[in-house]
Protein chains: 2
Amino acid sequence: MDTAAPRVTTRDRILAAAEAVLGECGYHGTRLHEIAGRVGIRKASLFHYFRSKEDLHHAVLEEWFGEIERVIRTALEGPGTPLDKLRSLTETYVDMVMAHPARTKIVLRQSLGDAPASHWPQEPQRLLRIVSDFIAEGQSAKMLAPFDPKALVFSVMAMAAFSSTSAAVLAPEWLGDPSSAESVERVKRHVVDVVERCLAVGGQARSAPSKRAAV
Amino acid sequence: MDTAAPRVTTRDRILAAAEAVLGECGYHGTRLHEIAGRVGIRKASLFHYFRSKEDLHHAVLEEWFGEIERVIRTALEGPGTPLDKLRSLTETYVDMVMAHPARTKIVLRQSLGDAPASHWPQEPQRLLRIVSDFIAEGQSAKMLAPFDPKALVFSVMAMAAFSSTSAAVLAPEWLGDPSSAESVERVKRHVVDVVERCLAVGGQARSAPSKRAAV
DNA sequence: GTCTATATAGGGATAGAC
DNA sequence: GTCTATCCCTATATAGAC
């Protein structure tokens, strides 16, 4: 009864606007004036909620990682074989990333060294480790084929992020609108396919193999 | 005798410095003062060579695409089976991207909408098309396995770019220093491996299959 | 072709009224 | 909690001497 308050505070609206503008313009390209304008308040009022631009930027990133970690743990604790779990995780992960291109752009730019944050959040490394450890276990148990786990997880992150943020510009012929259901489905199938090709052991059936035959 | 003048002009030194700073700080984070400082001249002197910051940024990107296109055409016109050519292309491409993280960062940020360039260069799309058309041909001739060519080429771009620019921050356990020979070799082997898993037909041997067995 | 000096603008952040 | 007004700083870009 105490966490069930869906009230949208001004702070929330600022965070939402900041997410959009930061994703669009990058940290240094973002003007606080623009964020305030979208919320419908004056620039100076932002400083009632956040000490500085950097503080606001940091707050935007916070929740995102927590959300991803929750999704990862849920998928890996689900039912099925290790490969089933990884397939499920991959699908959910792609869904999330494709549904939030602005957040993904912010994370991406952060990884390029855009924001002045001196210390990088350790979440990405921890999340990558959770999944790669899970894969390594499955490989020890002979339930998954041998393949460098970190290389694979990193590649999945790369493909998902790129598809969400850059596909429309770099490869519009392949993916039109990244947020369309069709695009999401295509990316999901592709990434899952790659994961299966790398981790499926001899006997394991792959999902929808006929779909891969395309030119 | 007329193109063989390896003289390094001041303009060249400005371009080199700009490449470094733009890669490090992004377009809006870049200060012309910083570029001038690295060249050893005053900020105002930059405007003798370039009309504006945007002009300088644009000039930095120009050569890069041309270089990539040359590499692609050379590899695809080389000897061997289609898969051989793609393997060779992939290796050379990864080499190039890993050797130039600053340029790669600039391209990446550009694809995120960082720079004020209203119209995006069409090179990436054309380059992607050249390679995916080549793959489609090989598939028609049954020399390559069926697999969505654009999805694969896009994924290779994603993996290479990410490895070059973000691996050290996102996955330092996997890749330490991206410019080290060891890292380059690891990424190369991984990306080539993925390409082979997607395009090799039944009988075709894969390179160094034993190297894939790792945990 | 490089410099000094300056124009012009806009940004983040603060003070203090209401 | 939001506003107006303003401080302070830095940025791009220009003007004109040398």
Side-chain angles (χ1 to χ4, degrees), chain A residues 5-62 105-106 109-110 112-119, chain B residues 5-62 102 105-106 109-110 112-118:
Chain A
R7 276 281 298 285
V8 176
T9 66
T10 301
R11 198 191 134 97
D12 292 333
R13 298 178 60 222
I14 293 172
L15 282 171
E19 176 184 316
V21 180
L22 286 169
E24 209 172 308
C25 310
Y27 182 84
H28 293 289
T30 289
R31 311 295 156 194
L32 296 182
H33 172 82
E34 172 72 18
I35 296 174
R38 297 203 187 190
V39 177
I41 60 179
R42 293 291 174 176
K43 183 180 60 169
S45 305
L46 295 178
F47 291 90
H48 178 72
Y49 298 93
F50 301 94
R51 282 202 215 184
S52 66
K53 186 183 185 180
E54 189 176 345
D55 187 29
L56 174 56
H57 174 265
H58 189 262
V60 168
L61 270 180
E62 282 288 276
K105 283 186 181 185
I106 295 172
R109 278 193 243 248
Q110 178 82 335
L112 297 181
D114 238 57
S118 43
H119 53 76
Chain B
R7 274 281 297 285
V8 176
T9 67
T10 302
R11 197 191 134 97
D12 292 333
R13 299 178 59 222
I14 293 173
L15 281 170
E19 177 185 315
V21 179
L22 285 170
E24 209 173 308
C25 310
Y27 183 83
H28 293 289
T30 289
R31 311 296 156 191
L32 294 183
H33 172 82
E34 171 71 18
I35 295 174
R38 297 203 188 191
V39 177
I41 60 178
R42 292 290 174 178
K43 184 181 54 170
S45 305
L46 295 177
F47 291 90
H48 178 72
Y49 298 92
F50 301 95
R51 282 204 218 183
S52 64
K53 184 182 183 179
E54 188 176 347
D55 187 29
L56 174 55
H57 174 265
H58 189 261
V60 168
L61 270 179
E62 283 289 275
K105 283 187 181 184
I106 294 171
R109 280 193 243 247
Q110 178 83 332
L112 297 180
D114 238 58
S118 43

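Numbered from 1 within each chain, the chains take letters A, B, ... in sequence-line order.
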Check your understanding: Got a donor-acceptor contact below 3.5 angstrom from the Lys43(A) side chain to the Arg31(A) backbone?
Key -> no
Point to revise | Leu112(A) versus Lys105(B), closest heavy-atom pair with distance | key: O-NZ, 3.5 Å
Point to revise | Terminal contacting nucleotides, 5' and 3', DNA chain C versus chain A (heavy atom, 4.0 Å) | key: dG11(C) to dT14(C)
Review point. Looking at side-chain heavy atoms only, is the closest gap between Leu15(A) and Tyr49(A) below 4.5 Å?
Key: no
Revision key, fill the gap. Residues in residues 17-25 of chain B with a heavy atom under 4.0 Å of DNA chain D, by number, are none
Practice item. Measure the CG-CG distance between Leu61(A) and Leu22(A) for me, rounded to the nearest 0.5 Å. Key: 8.5 Å
Review point. Which residues pass the side chain to side chain donor-acceptor pair (under 3.5 Å) test with Asp12(A), sequence neighbours left out?
Key: Thr9(A)
Check your understanding: Any side-chain heavy-atom pair from Phe50(A) and Val60(A) closer than 4.5 angstrom?
Key -> no
Check your understanding: In residues 26-36 of chain B, what residues come within less than 4.0 Å of DNA chain D, judged by heavy atoms?
Key -> Thr30(B), Arg31(B), Leu32(B)
Revision key, fill the gap. Numerically ordered, the residues 42-49 of chain B set in heavy-atom contact under 4.0 Å with DNA chain C is Arg42(B), Ala44(B), Ser45(B), His48(B), Tyr49(B)
Study note, to complete from the structure: Between Arg13(B) and Val8(B), the two heavy atoms sitting closest are CG-CG1, 3.6 Å
Review point. Between Ile35(B) and Ile14(B), which heavy-atom pair has the shortest distance, and what is it?
Key: CG2-O, 4.1 Å
Check your understanding: Taking all non-hydrogen atoms of both residues, which atom of Arg42(B) and which atom of Ala36(B) are closest, and how far apart?
Key -> C-CB, 3.7 Å
**Study point:** Minimal non-hydrogen separation, Ala20(B) against Ala102(B), with atom names
**Key:** CA-CB, 4.5 Å
**Study point:** Exercise: identify the closest heavy-atom pair between Ile106(B) and Glu19(B)
**Key:** CD1-O, 3.6 Å
Check your understanding: What pairs meet the ring-ring contact (aromatic ring centres under 6.0 Å, His included) rule with one or both residues in residues 10-33 of chain B, with sequence neighbours excluded?
Key -> Tyr27(B)-His57(B)
